[in-house]
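The block underneath contains the structure these notes are about, expressed in C-alpha cells.
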Protein chains: 2
Amino acid sequence: MAGTDPAIAEASGRVLAAVARTRAGLELPPGDVERIVADFVAGRVPDHQMSAWLATVACAGLSDAGTQALTRAYVDSGDRLDLRGIGRTVLDKHSTGGVGDTVSLVVVPVVAACGVAVAKMSGRGLGHAGGTIDKLESVPGLRLDLDAAATVAVLREAGMVITGQSAALTPADGATYALRDVTGTVESVPLIAASIIAKKVAVGADGLLLDVKTGAGALIPDRTEATRLATTMVRLAGTFGLRCTAALTDMSQPLGRAVGNALEVKEALDVLRGQEVPGLTELARVLSRLMLRIADPGLSDDAADARVADVLSSGAAYDRFRRWAAAQGADTRTLDRPDLLPTAPHRVPVHATAAGWVTDVHPRAVGEAALRVGAGRLAQGAALDPAAGVVLHHRVGDRVDAGDLVAEVHHGDRDPDGAFALVQSAVVVGPEPPAPRPVVLDVLDPIPEAERK
Amino acid sequence: MAGTDPAIAEASGRVLAAVARTRAGLELPPGDVERIVADFVAGRVPDHQMSAWLATVACAGLSDAGTQALTRAYVDSGDRLDLRGIGRTVLDKHSTGGVGDTVSLVVVPVVAACGVAVAKMSGRGLGHAGGTIDKLESVPGLRLDLDAAATVAVLREAGMVITGQSAALTPADGATYALRDVTGTVESVPLIAASIIAKKVAVGADGLLLDVKTGAGALIPDRTEATRLATTMVRLAGTFGLRCTAALTDMSQPLGRAVGNALEVKEALDVLRGQEVPGLTELARVLSRLMLRIADPGLSDDAADARVADVLSSGAAYDRFRRWAAAQGADTRTLDRPDLLPTAPHRVPVHATAAGWVTDVHPRAVGEAALRVGAGRLAQGAALDPAAGVVLHHRVGDRVDAGDLVAEVHHGDRDPDGAFALVQSAVVVGPEPPAPRPVVLDVLDPIPEAERK
C-alpha cells in the first residue's frame, strides 16, 4: 500500500517510524516533524497516517524539541506579517476560549489607549465557546477579513487591529486542526501549544499575553493540565523570541453577564464606558496590567493599574475602540447607540426556584443554551443569530430569593424551550454560600524578579 | 465535517468519544467497540478516525473488556467454520512468526499422526518473516485456498488441514489489519491479541497452541512485552472457551537451518523422516507435546514425548504429511523426491573469516537476505522465487575455524551480492563461547496443577 512512488514511500516510512518512536517516548530524527507536516500538506502523507501520528502525540506527548519543530513547520508553511514598519512594540493576546469570554474586546482597546500597539488575529467559535470574530460580526459594517497590508495600515492608524485568521498564515496548522477536529485529537497540550504559538509567531508581535482558561467551561478543564499548557506555551513562545506571560483564569462559570454575539459586544462597550461588570471588569484590568508590563517590564503593578483605570474612566479606551472600528469600516453610530446593534425580538426569563446562594452556573450548559438559540454553530458553516444568547443576572456566590430573575434567554424563535431548560439546570441554588472563586488563579511570568519594580 | 447523515454523525461521535476515553484509560460504554468496528467495515467510520483510535489503543492500551469486545466484533463480522461434524477434539496452532520458522510443517502432521486432529489457517509472509502459505506454495499441485466445505472434508479425511486464511472469516480483522499496517499500529498487544484470537475463534477448534516468539527476529522482540502478549492471548482465548497454552520461544537467531520457501519444506520433510535439525527438532518435539496435553490434559509429559518420538521414528508423521498433501492435490512424488521441489540454479557460499565461536546469527539480517533473493516480498503482491533463500550451517554456540562454510545463499540471480553481504554480517564469530540459548523460554499453561500428572 506504500505505492511505488518513491517520494510517497519515503514519506510513509517516515510517518510510520514517527508513530512508533513517539509511542515509545523517543525523539524523532532532526527535521522529521517538519518533513511530515510538509508531506501532509502536499498530500504525500494521507489523512489516516497523519491522524495516527496526531493520536499518538495526544496520547504519549511530544518532547520540547518535537513541539518546537511542529511549531516551526506550521510557521514555515505560510506567510508572516511584517510589523517592523510600526516602529514600536506590538503585543498580541490570546485566550484559550470559554463561555461569555468577552475580555479581548475590552483589553485590546484599553492597552492600545495606554499607548501600546496590539495586533490580534482571532478565530470563530468552537463548540460551546464563542469566538471573537463571530461576536464582532454583529457590528454593522465592521470588516474582519483584512489582508496583510490592511492589517498593518489599521494597526498604524488606530494603534490596534482585530481581524480574522488569515488563511495565508500557518496553513499547515489549519489543515492539521481540521483533521484533529474529526479524530478526537484536539485535547493535547503539545498540539494545542504548537497550533497557538505558531499563529502568534507568524503574526510577528514582540510580546504575547496568554489567557489560559481552566474549569468546567474551558477547553482544558483540569487545572494541572491547563497549567501544563500555559507553561509549555510560555516556554515555546520564548524559544521563538516572543516575550510571553500567561494568566491562568477561571472558567468554572461564564465570564461576565452576556453570552452571545451582539450581547457580548454591548457588554464590552459598557465596560469600556466605565461600567463595572462582575468578573469581566476585574479580569480585563488584570490582563491589561500584565500586557502593559510585557511592553515595559520596568513598569510597576500599581503604575500599570493606574493607567488602566485612567483610560477606562476618561473614556479613552472607549474612544480607541470607536476609532479602531471606524478604521475597519464600522458604522460607529451603532457603537454609540447599542440599541442599533442586533436585538432579539423575544426574551424568556429564568427565575430562581428556591432561596439561597448561587453555588454553580454550569458554563457548558449555558454555552449549549446559547448555541441552541443560534449564538453558535451546531454544524460547520451554519448561520448565526447575532442577537441571540443568554444574559445572566447572577454569579456564583450571589444571594437569591425564590422567584428572583437569574437569567434571560434572548431569542428569535430557535429552540427557546431547549435553551430555557439548559439555563434553568445550569444555575444551581443551594442553602450554603459557596467558597469564593478568584477570577485569576495564577500568573506565569518569565520576567526575572531582578527586572521587576 | 460531521456531515448531515445522522448515522454517520452518530458513528463519528462514538469514535471521537472512544479516542478520548481510551486515551484517558477509561472503559468504553458496552457495545461501543463492536459498533465502531461494524461502522468502520460499513464505511460509516472513515480511515482517519479508525486509525486515530487504533493509534490510541497502541499507545494507551485497551482493557480486557475492550479487547474481548474487539475480538467479538472481528468474529461477528464474518462466517465461522463448523467443525462439530469431525466428532473429535480439533486443535489449532499459531506462531507469531519469525525467520526460518518451519515448525508448523512438522508439528501439525506429528500431532495428527498421534490421533489429534489439527486445523490450521495460515497467512502469508510479513516483512522479514516467512509465511506458512508461501512455503507450502512451493509444493506443486498443493491447493491452499480451500473453502469451508473442503476444509472440513480434508480435516475428516487426513486428520489435519492447512489452508490460507479464508476472506469469509473475520473480514473486519482483515480491514483493520490493512489500516494498521500503513499507520504504524501493528505492534500493540491488545490489537495483535484480538486479531489472532478472533481468527482462532472463527475457525472454532477446541484448543489452541500459541508459539509466541521473542528476541531480535520476533514481531515483538522484547521478552517482557512478548510475555504480556502471550498471557493476554491465553486469557482472551479462555473467555471464548478455547483451551489455550502458549510457549514463549527463542527468535534471537533463525530457527533450524533453512530460510526460504522450498528450502524450509525440504527441511520439514527431513525432520518428519526422523532427521535431527538443531533447534527445529527440539522445538517441534516440545510444541507437539504441549498440543497433545491440550487435547488430553491427563497425559504426562513423558507419555506425550514418547508418542511424538514414535511417530517421528516410525515414519507415521511423514506418512501423515504425505496423505494430507495428497488430499489437497499435491504431487506426492515431489515429497518423496525433494530434488523435484523448486531448486535454485546458484549457490553462493559464505565462509567464516576467523576462528572462534558463533556468538550471533542476526535473524533480521538473514530474513532480509532471503527477501533480497526473492524468498519474500519487498512490495505488496510481488512474485516470490520459491527456490531462493539461505541455508545456515551453524547456530549460535558452534565452534568454527576460519574458512569454514557457515552459510549458503540459494538464488536465481536476484541480488545475490546484497544477500551475501547481509548473511556475512549476520553471522558473528567471537573468541569466547556465548551463553547457551534455550529454544523454549517459558510455557504459559492455564491447566490447573491438580489436573496434571
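So that the names make sense, note that chain A is the first sequence line, chain B the second, and so on, each numbered from 1.
The shortest side-chain heavy-atom distance between A:Glu187 and B:Arg23 falls under the 4.5 Å cut-off.
Of the two parts of A:Ala58, the backbone and the side chain both hold a non-hydrogen atom closer than 4.5 Å to a non-hydrogen atom of chain B.
Counting all heavy atoms, side chain and backbone alike, B:Leu16 lies closest to A:Gly184 at CG-N, 3.5 Å. Listed here is the closest heavy atom pair of A:Ala60 and B:Cys59: CB-SG, 3.6 Å. Closest heavy-atom contact between B:Val182 and A:Gln49: O-NE2, 2.7 Å. When all heavy atoms are compared, the tightest approach of A:Ala52 to B:Ala55 is O-CB, 3.3 Å.
We find the NE2-OG1 distance between B:His48 and A:Thr185 to be 10.0 Å, quoted to the nearest 0.5 Å.
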